[in-house]
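One structure is given below, encoded as structure tokens.
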Amino acid sequence: MSDLLSSLSPSQRAAAQTVNGPLLIIAGAGTGKTRTLVHRLAYLVAEARIPAEKLLAITFTTRAADEMRERIAALCSQGIDLSALFVGTIHSLCHRILKHECRSAGFVSDFEIISPADQAAVIRNLAPRFFPEQQSLSLKKYELMLSREKNDRARLAAENHELTSESCSPFLRAYQEVLERQGLLDFDDLIIKTLVFLKKFSLHAQELRTRFSHLSVDEYQDLNTAQYLLLRELAGAHPNLCAVGDADQAIYAFRGAQVKNFLNFQQDFPDATIVKLEENFRSTRTIIAASQQVIEKNKERIEKKLIAVKPAGARIELCELLDERQEARFIASEIGRLVGGARFESLGHDQRDEELPELSFKDIAVLYRLHAQARLIKEALEQAGIPLQVARDRSLYEEPDAEVIIAMLELLHDQGNDLAAAALLENAIKGLGPKTVASLKDYAGKSGTTVIESIRQEFSLPEITADRRARLHSFLGLLDELTEKARTLPLDQLIREIAAKLSIGAASADNEESSVSQTDENLLDLITAAMPFSAVPAAEGIPHFLSKIALLREGEQICPQQEAVTLLTVHGAKGLEFPA
DNA sequence: CAGGAAGAAATTTTT
DNA sequence: TTTCTTCCTG
């Protein structure tokens, strides 16, 4: 087994061989930290004889967990059996603990995780009641507000204070009541419930600590308060806890990550072994030098100097163009130059730089800070005939325009779908807001009928004015008209029809030119996606289309090695590698 | 009208 | 953290 660590650098090996006690690995970007982590796990099992089922490797993203599993699988095929090891996100771990341990202890009943759409709906419903003077604070603002308060309360829980519902803000209380009534947890609850459970049921907590003797946590600098407290609880007083992270890559403070947790590791665990990984295998010396200059300015950091293994490489070029259009065109021509294709370059004077290695499209990424900046670049690249893929966080089906149309399709398929009905009325019908929709839902709930049926029944509510009622009725008319059309028209035509009736796309001419074409594009994409279901009348095609969408939402988008330039945000690029 | 203060929005993960 | 918008003041 002596060759197990032979491929590691001295500091990587030092980290991998540290078996007992707290271990802090300060790992710069591109220093092979996942590799080190996995080799350490293998070492723990193969050399230190620790049963694999006693190891926990915790990540923050499924991507990181997948990468780790892949590397572990590669080692397993070389004869080291790590299959019993738990590798997963901190959320999946909590999910498991809650589903098994907590339920058997009678601490929680069965639960589901609230879907983003439902969570948004709950917040949209509650916010106006608690913040009447604020007209239109964004949803995310409220989400963050709730999350922050919950994390603050997690600290109380960790100090063994009882979490009473009186001690929290009315907004949070109302929010939690809605979730509780439906047996739902949000992602913060997943962590906090587990934390409270460990605090309250110390026997179970002790059992878990014995069951898992060695913990490793990747991206430790990204922990938020509740996650940090939970890990401390799970690690206990004499922890074999391995924290891996880099304060210089702490880019998620805005969503509650506390770099302090990473910086305080030595105070938390004074006997911690500390290993710095400073040898960078990913980037050229030029890039390392430049990034070092930027990083040095960080205030909250642990001193560390990246050492480049690669040669200097190409110089960094900084170009200032007149506007975004020029910038997009420049990027397109630059990519053309890099791959050396004559196909899209101007005719005459183009020649490939001979000393550049041959690059293909998949080796190139375009980064930007905002998703909104992608559009012009995308258009310019398309015009130049460059294949591309946009790594957007939400799929087409989560774009607001598409969601409205999908909600309409859902409603045509099943008029009893109150979620779809509410979303439609609220987002697509002018003059109807959350207030009207809330009272409608309220009414429907009390009289045991559906939202649509309530409108149909000429119900009377004092808070719904005549002019709102007129809008509601014209919506009913539209619904009936579309139901009729769905019997004959194919799905793609029906979608066009819906878009036109709801003034989505080309119809809204007063909008800014840019936002119109984005909407149009979404619409076209949606119609394209619907084409396979358009051979039959829409009424038959809709359910098939909807179930395909549901499937797509579940499964992750799989297109890793496409021969295309990748467009993504700077945040999205963390930890990725591109040759160019 | 320039220019500054103050506020809002954007960056994103998690079953 | 940074950038854009809005509103106010001299």
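A note on names: the letters A, B, ... follow the listed sequences, proteins ahead of strands, and every chain is numbered from 1.
Distances from the side chain of A/R369 to the nucleotides B/dT12, C/dT2, B/dT15 place C/dT2 closest. Among the nucleotides B/dT14, B/dT13, C/dT2, the one closest to any side-chain atom of A/R255 is B/dT13. The side chain of A/T61 lies closest to B/dT13 when the candidates are B/dT12, B/dT15, B/dT13. The side chain of A/H371 approaches B/dT12 more closely than any other nucleotide in the set B/dA10, B/dT15, B/dT12.
Under the stacking criterion of a centre-to-centre distance below 5.5 angstrom and an interplanar angle below 30°, A/F187 is not stacked against the six-membered ring of B/dT15.
Atom C1' of nucleotide B/dT15 and atom CD1 of A/I90 are separated by 14 Å, given to the nearest angstrom. Rounded to whole angstrom, the span from the CD atom of A/Q221 across to the C1' atom of B/dT13 amounts to 13 Å. Residue A/L179 contributes atom CG, which lies 14 Å from atom C1' of B/dT15 at whole-angstrom precision. Residue A/L370 contributes atom CG, which lies 8 Å from atom P of B/dA10 at whole-angstrom precision. Atom pair A/E219:CD and B/dT14:P shows a separation of 12 Å (rounding to whole Å applied). Rounded to whole Å, atom C1' of B/dT13 lies 13 Å from atom CG of A/L144. At whole-Å resolution of the value, CZ in A/F111 and C1' in B/dT14 are 13 Å apart. In this structure, the CG atom of A/D186 is 17 Å from the P atom of B/dT13, given to the nearest Å.
Side-chain N/O atoms of A/T62 include one lying less than 4.0 angstrom from OP1 or OP2 on B/dT14.
Residue A/F60 is classed as a sugar-phosphate contact, given heavy-atom separations below 4.0 Å to backbone atoms only.
A/H95 contributes no side-chain N or O that forms a donor-acceptor pair with the base of B/dT15 under 3.5 Å.
Shown here are the ring-ring contact (aromatic ring centres under 6.0 Å, His included) partners of A/H95, two or more places apart in sequence or in another chain: A/F111. With sequence neighbours excluded, the residues satisfying ring-ring contact (aromatic ring centres under 6.0 Å, His included) with A/F187 are A/H91.
A salt bridge links A/R71 with A/E67: the closest approach of a Lys/Arg side-chain nitrogen to an acidic carboxylate oxygen falls below 4.0 angstrom.
Note that A/R232 lies in the cation-pi zone of A/F269, set by a 6.0 Å cut-off to the ring centre and a 45° limit from the axis.
For A/F171 and A/Y175, the ring centers sit 6.0 Å or farther from each other.
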